[in-house]
Amino acid sequence: MAKKKCPECERCLPNWLAAFGDLMSLLLCFFVLLLSMSSMDAKKISEAIGSLSGAMSVLEGGAKTEISKRRIQESTPIESQDETTEAVNRITQAAMDANEMIDKGHGPAITVEEAQEGFVIELPASLLFKSGSATIENEDALLFLKRVALIVDELPNAMQVSVQGHTDNLAPGKDSVYKDNWELSSARAISVLQELLLDGVDPKRISAAGFSEYKPLATNVTKAGREKNRRVELHFYGSKRDDEAKTKRSILDKASAQ
C-alpha cells in the first residue's frame with residue numbers, strides 16, 4: 001500500500017504566530033510608555049540597591065548569605081529607637097496633661113523636644129521652685145517627675161539621663177542661701193535628680209550639672225527672656241556619649257604619658 005504524501009507546509013507564517021507577535025509588540029509598547037511616564041530617582045534607586053546589598057547579600061558588595069550574630073547585633077538599635085520614640089510620645093502626653101493643670105494657674109509650660117542624640121524635657125524653674133530656692137514645692141511638677149521616672153525605668157539600659165540646671169543673669173538675691181548662680185543652678189539640678197531617684201530611677205543612669213547663666217535660650221534683657229532662661233532640662237541620650245568620653249580620656253592619658 002502506498003504511503004500518503006505529506007501535505008505541503010504553508011509558505012507564510014501561521015495565523016496564531018502572527019497574532020502572538022502582534023501581542024508581544026503591543027506589550028512592549030505598553031511598558032515603554034510606562035517607563036517614559038515614570039520619574040526615575042537615581043538617589044532612591046542607589047539607596048534601595050545598597051539596602052538590598054547589605055540586608056540580603058545577594059548583590060555586589062554583599063558580605064555573607066547566612067545569618068550571623070553581627071547582623072542580629074546591628075539590628076538591635078532599631079528596636080531601641082522604636083522604644084525611644086514610644087517613650088517620647090508618652091512623655092509628650094504627660095507634659096500635655098501637666099500643662100493642662102498648669103494652665104489653670106496660668107503657669108509656664110513644659111516642653112519636649114527632639115535632640116541629636118535623644119530628646120530633651122524642659123522644665124521652667126518657676127514651675128518647680130520659688131525665687132532663689134532649690135526646693136520643689138509644686139505638686140503638679142512632682143507628679144510629672146513621677147511619670148517621667150516610670151517611663152525612664154522602661155527605657156533601654158543604655159539610655160542615660162542628664163539633669164541640667166540653668167539661670168538668668170540676675171543674682172539669686174539676699175534672701176537666697178546660694179551666693180551665686182552656679183550654686184543655684186547646680187542645687188536645682190540636684191534637687192530634680194534626687195526626686196527622680198526617690199521615684200525609682202537607677203542612680204547609675206542619671207547625673208546632674210549646673211550651667212549658671214551661660215547657656216541662655218533667650219535674651220536676658222526682657223522679663224520673658226529671663227523667665228525662659230530659668231529652667232531645668234532633662235537630657236536623654238545613649239551611652240555612646242560615655243564611650244566617646246572614655247576615648248577622649250584614653251587619648252589624654254597617652255598624651256600625658258608621652
- Message: For residues Ile91 and Val120: do they belong to one hydrophobic cluster (side chain heavy atoms under 4.5 Å, members Ile, Leu, Val, Met, Phe, Trp, Tyr)?
- Response: no

- Message: Restricting to non-hydrogen atoms, name the atom on Thr222 and the atom on Gly225 that form the minimum distance, rounded to 0.1 Å.
- Response: OG1-N, 3.1 Å

- Message: Using modelled atom types and a 3.5 Å cut-off, is there a donor and acceptor pairing between side-chain atoms of Arg231 and backbone atoms of Thr167?
- Response: no

- Message: Going by side chain to side chain contact (heavy atoms under 4.5 Å, CB included), His166 matches just one of Glu122, Arg230, Glu233. Which one?
- Response: Glu233

- Task: Give a yes or no on whether the backbone of Leu127 and the side-chain of Asn138 come within a donor-acceptor separation of less than 3.5 Å.
- Result: yes

- Query: Within a radius of less than 6.0 Å around CG of Asp22, do more than 12 heavy atoms belonging to other residues, nucleotides or ligands occur?
  - Reply: yes

- Please answer: with hydrophobic residues joined when any side-chain heavy atoms are less than 4.5 Å apart, are Phe211 and Ile121 in the same cluster? no

- Message: Under 4.5 Å between side-chain heavy atoms, counting indirect links through other Ile/Leu/Val/Met/Phe/Trp/Tyr residues: same cluster for Leu197 and Val192 or not?
- Response: yes

- Query: Is there a donor-acceptor pair under 3.5 Å between the side chain of Ser185 and the backbone N or O of Asn181?
  - Reply: yes

- Determine, using the 4.5 Å side-chain heavy-atom cutoff (strictly less than), whether Ile151 and Ile110 are members of one ILVMFWY cluster. yes

Could you list the donor-acceptor pairs under 3.5 angstrom formed by side chains in residues 142-149, with sequence neighbours left out?
residue, atom, partner, partner atom, Å
Lys146, NZ, Asp199, OD1, 3.1
Arg147, NH1, Asp97, OD2, 3.2

- Note on the structure: Here the gap from Leu155 atom CG to Arg90 atom CZ, rounded to the nearest 0.5 Å, amounts to 8.5 Å

- Message: For Ala134, is there any backbone N or O sitting under 3.5 Å from a side-chain donor or acceptor partner on Arg188?
- Response: no

- Atom of Ile206, atom of Gln160 and distance for their closest heavy-atom approach: N-OE1, 4.2 Å

- For the atom pair CH2 (Trp182) and CD (Glu213), what is the distance rounded to the nearest 0.5 Å? 8.5 Å

- Task: Ignoring hydrogens and angles, tell me if any N or O in the side chain of Ser176 forms a donor-acceptor pair with the backbone of Tyr178 under 3.5 Å.
- Result: yes

- Rounding to 0.5 Å, atoms CZ (Phe119) and CD (Glu113) come to a distance of 12.5 Å

- Please round to the nearest 0.5 Å and tell me the distance separating atom NE2 of His235 and atom OG of Ser207. 10.0 Å

- Query: Counting distance only, does the side-chain N/O of Asp202 pair as donor-acceptor with the main-chain N or O of Arg205 below 3.5 Å?
  - Reply: no

- Note on the structure: CD1 of Ile136 to CZ of Phe129, rounded to nearest 0.5 Å, is 4.5 Å

- Message: If hydrophobic clusters are built from ILVMFWY residues whose side chains come within less than 4.5 Å, do Val152 and Val88 share one?
- Response: yes

- Say you draw a straight line from CG of Leu184 to OG of Ser212; how long is it, rounded to the nearest 0.5 Å? 8.5 Å

- Query: Does Ser191 use its side chain to pair, donor to acceptor, with the backbone of Ala187 at less than 3.5 Å?
  - Reply: no

